[in-house]
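Down below is the structure, laid out as structure tokens.
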Amino acid sequence: MRNMAPDTSPGARRTVDSALSAAIAHLWKLQSPEGSFKGDYGGPLFMLPMYVGTAHAVGLEFDAATREGMVRYLKGVQNKDGGFGLHVEASSYVFTSTLCYVALRLLGVSAEDPAATSARQWIRAHGGALTSAPWGKFFLSVLRLYEYEGLDPLLPELWLLPESLPLHPSHFWCHCRMVYLPMSWLYGKKARIPDSPLLQELRRELYTTPYEQIDWPAQRTRVSPADAQVPRSVLILAANHLMGLYESQASRRLRERALYFVLDHIRQEDENTRYICIGPVNKLLHLLVWHFERPGGAEERAHLAQLPEYLWKGPDGVKMNGYNSSELWDTAFAVQAVVASGHIQENLPFLRSAFDFIDRNQVLEDTPNAERYYRHRSKGGWPFSTRDHGWPISDCTAEGLKAALALEPFVDSPLSQERLTDAVDLMLSMQNEDGGWATYELTRGPKWLELLNPSDCFSDIMIDPSYVECSSSCMQALARFRERFPGVRAKEIDAAMKRGARFVEKAQRPDGSWEGSWGICFTYGAWFGIWGLVAAGYSPSHPAIQRACDFLLSKQNPDGSWGETPESCRQRRYVQAEQGQAVMTSWAVLALSKAGRRDTPEVQRALGFLVERQRPDGSYPEEHIAGLFNKTCAIHYDHYLDVFPLWALSPVR
Ligand code: LAN
């Protein structure tokens, strides 16, 4: 048996302490001049090819270095079988294989290039582009590489339905709503780019039958098993059939009215976000919309000006980031980690500059005509990236508030009580009836709307339900605020905390775990679950917390580490990585430490793993991807390795 007693000898302590100092020194080297942390936010493999396709559609040429960087990136993420995954660690999908193939060809790679040849072989062996998940077929239609009759209808008229119907898009999760908004405009117009010799070649390359002979309507229900992550329900099959009938005799006047309505909402989103848009996909689709609606006009030019915001140049090439940045989120965590380390005085200039970033990026007002454009209020919130982006998120608001409060004693002009209270009011306004918090808005639609998920490859995109992560962050922030301002919103906060705790307890599985939705997966969930309950006043001896610790300990590797893969989220059960991961180990350490187990041999062993893993310069070697969305798509958070081990090594209690 190994000696499990905690090693608290002076030598061992120094190791943790020196690792901590090295991690802090390394972190500040990455701070941007604005005080924030900006990083690579790649991972999904449908974004860059959509970017390239959009650029081609609007006639935007890349300089040689960018083009070469994109090709290098795409070739680097190609799977051994020739295809491309939904994300960098996934098996090949027809959706992303087709789009990446098209992107390579549009970027000037010849059809005979080995990367193109193997991708084409994989695509053709899987039925060609005809079996791609619908977003791929949609994009190909705009590029004239697929026919609109081969798509299930994306009716702009849905927006004209009575708003009281759950089917009205205003009830959808904002990301879903804002992607299908411009899609419905482009579909309603059957917009597509002019033909060209290259497109003719691509139409031959992507299909196993001659393009002219394809029975397009018959392709609507076809999807490769490689792409079909979410089986189509009877409800969506029926809905698509009905919408197909409608589309064949749609009234032109109604279509015009619907398109007018949709375009107005597109314009409002552009203005609210300074042409950044809520996410990467609707950003590209809006650019396409304006390109077709008013070629060369002011809107298209404004969109083009913000387009490079989404590009990331890394050592592996040029990719599209999954958001305009993850700056606020990363900066808020970095601040909290360093404050938890206790190394505050010697790091004041860095912390102050991070504080200024947080200060400058709080959203100070609601969007104009919020109700009309189905927007929740915004005042007081923090977004995931920057104020310009403008969409506050419950947990980003919470983490922004926590960071601002943590720095309050150390800055010259802390945030006013009024601004802090605005953040609290926003969080209170976002608590759902079930006691939990969703991402950007209140839950607006019933659960059964998920049966209408038309994407095949993303799960849980239709509504914005309560999540353990968002709920925990909000509860932690409310608890911190209550400590600081005991008399302010006291009754409301007390009630919110009780309801929040009930939600978090209910979300816990019988085995003591929480399923994470935005990080991988159960270690991420455990961190939020335990921290949320402790914020609500649960003691470490509470059975829910004990169960959570037991679950974590049952998954610890012999070397003290934890490690999961994206399969944990997709399969919704703990899937061990082949070796320990520093980020997941850190989440587990943070969870167990908050549960009063810092001094146990298990946690000490985990700290030993983190110390061992660290490079002499305080950084950590690359490891598995750790972020995720919609159960199936992983996304890379560049600074998680710089922040979470640092936080875990800190004497947090
Ligand atoms: C994000 C990024 C941030 C993330 C957190 C704040 C970390 C999370 O706690 C709440 C959800 C949120 C805001 C989130 C939701 C889904 C996003 C927007 C993304 C993962 C970034 C990209 C992704 C978006 C949906 C990608 C486009 C694809 C669709 C299926 C619409």
Side-chain angles (χ1 to χ4, degrees), residues 39-48 50-51 86-87 95-96 133-136 138-139 169 172-183 229-230 273 276-285 310 320-333 381-386 389 391-400 430 436-441 450 453-474 476-477 516-520 524-525 527-528 532 566 569 625-640:
D40 179 333
Y41 197 44
L45 291 183
F46 55 93
M47 293 175 186
L48 178 63
M50 286 183 177
Y51 192 104
L86 186 64
H87 59 85
F95 168 30
T96 34
W135 285 22
F138 175 83
F139 235 82
F172 298 173
W173 181 39
C174 52
H175 274 283
C176 180
R177 176 170 97 230
M178 301 314 281
V179 164
Y180 282 99
L181 178 80
M183 271 191 183
Q229 299 295 316
V230 188
T273 64
I276 293 167
C277 293
I278 189 172
V281 178
N282 78 324
K283 162 67 188 170
L284 298 174
L285 294 175
Y310 278 93
M320 183 180 193
N321 271 349
Y323 219 84
N324 66 319
S325 82
S326 57
E327 271 171 287
L328 190 284
W329 186 246
D330 290 327
T331 309
F333 282 145
W382 272 278
F384 182 62
S385 52
T386 53
H389 175 284
W391 281 81
I393 303 167
S394 66
D395 55 3
C396 299
T397 302
E399 298 302 336
M430 291 176 83
W437 277 263
T439 60
Y440 294 75
E441 293 162 342
E450 290 301 342
N453 178 349
S455 75
D456 288 337
C457 60
F458 303 110
S459 184
D460 298 32
I461 61 167
M462 297 301 292
I463 61 164
D464 195 2
S466 295
Y467 293 100
V468 64
E469 297 101 311
C470 303
S471 305
S472 167
S473 286
C474 288
Q476 293 172 48
S517 293
W518 308 109
I520 297 169
Y524 192 63
W527 172 40
F528 283 102
C569 294
I625 198 156
L628 190 115
F629 56 92
N630 304 113
K631 302 271 182 271
T632 57
C633 194
I635 189 158
H636 171 74
Y637 285 77
D638 225 9
H639 293 302
Y640 278 10

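Below, each value reflects all heavy atoms present in this structure, side chains not excepted, and no hydrogens, waters or symmetry copies. Counting convention: from 1, in listed order, for ligands and their atoms alike. Counting from 1, the numbers follow the sequence of the chain as shown.
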Query raised in the report: Closest non-hydrogen protein atom to atom 22 (C) of ligand 1, residue and atom name please, with distance?
Result: Gly322 O, 3.4 Å
Report task. Measure across Ser517 and Lys631 and return the closest heavy-atom pair with its distance rounded to 0.1 Å. Result -> OG-NZ, 3.9 Å
Query raised in the report: How many angstroms lie between CD1 in Ile463 and CD in Glu450, if you round to the nearest 0.5 Å?
Result: 5.5 Å
Query raised in the report: Between Tyr637 and ligand 1, which residue portion shows a heavy-atom distance shorter than 4.0 Å: side chain, backbone, both, or neither?
Result: side chain
Requested in this report: Please state which part of Phe528 comes within less than 4.0 Å of ligand 1, counting heavy atoms only: side chain, backbone, both or neither.
Outcome: neither
Report summary line: protein heavy-atom neighbour closest to atom 31 (C) of ligand 1 works out as Trp135 CH2, 3.6 Å
Query raised in the report: Asp395 side chain to Glu469 main-chain N or O, any donor-acceptor pair under 3.5 Å?
Result: no
Query raised in the report: Under the 3.5 angstrom rule, does the side chain of Ser471 hit a backbone N or O of Trp437 as a donor-acceptor pair?
Result: yes
Query raised in the report: Would you say Cys396 contacts ligand 1, with heavy atoms under 4.0 Å as the rule?
Result: yes
Report summary line: When distances are taken from atom 24 (C) of ligand 1, the protein heavy atom at minimum range is His175 ND1, 4.0 Å
Query raised in the report: What protein heavy atom sits nearest atom 20 (C) of ligand 1, and how far away is it?
Result: Phe629 CD2, 3.4 Å
**Report entry** Exam field: side chain Thr397 to backbone Gly381, donor-acceptor pair closer than 3.5 Å
**Finding:** no
Query - Side-chain (Thr331) to main-chain (Glu327) donor-acceptor, under 3.5 angstrom - result: yes
Report summary line: Residue, atom and distance of the protein heavy atom nearest atom 27 (C) of ligand 1 read Val281 CG2, 4.1 Å
Report task. Would you name the heavy atoms of Ile520 and Ile625 that are closest together and state the gap between them? Result -> CD1-O, 3.5 Å
**Report entry** Taking atom 10 (C) of ligand 1 as the reference point, the nearest protein heavy atom with its distance
**Finding:** Thr439 CG2, 3.7 Å
Query raised in the report: Looking only at non-hydrogen atoms, which of Tyr440, Trp173, Tyr323 approaches atom 16 (C) of ligand 1 most closely?
Result: Trp173
Query raised in the report: Any idea which protein heavy atom is nearest atom 2 (C) of ligand 1, and the distance to it?
Result: Tyr41 OH, 3.1 Å
Query raised in the report: Tell me: protein heavy atom nearest atom 15 (C) of ligand 1, and distance?
Result: Trp518 CZ3, 3.5 Å
Query raised in the report: Is it the side chain (CB and beyond), the backbone, both or neither of Trp329 that lies under 4.0 Å from ligand 1, heavy atoms counted?
Result: side chain
Report task. Mind checking whether Asn630 contacts ligand 1 via backbone (N, CA, C, O), side chain (CB onward), both or neither, at a 4.0 Å heavy-atom cut-off? Result -> side chain
Query raised in the report: N/O to N/O below 3.5 Å, does that happen between Asp395 and ligand 1?
Result: yes
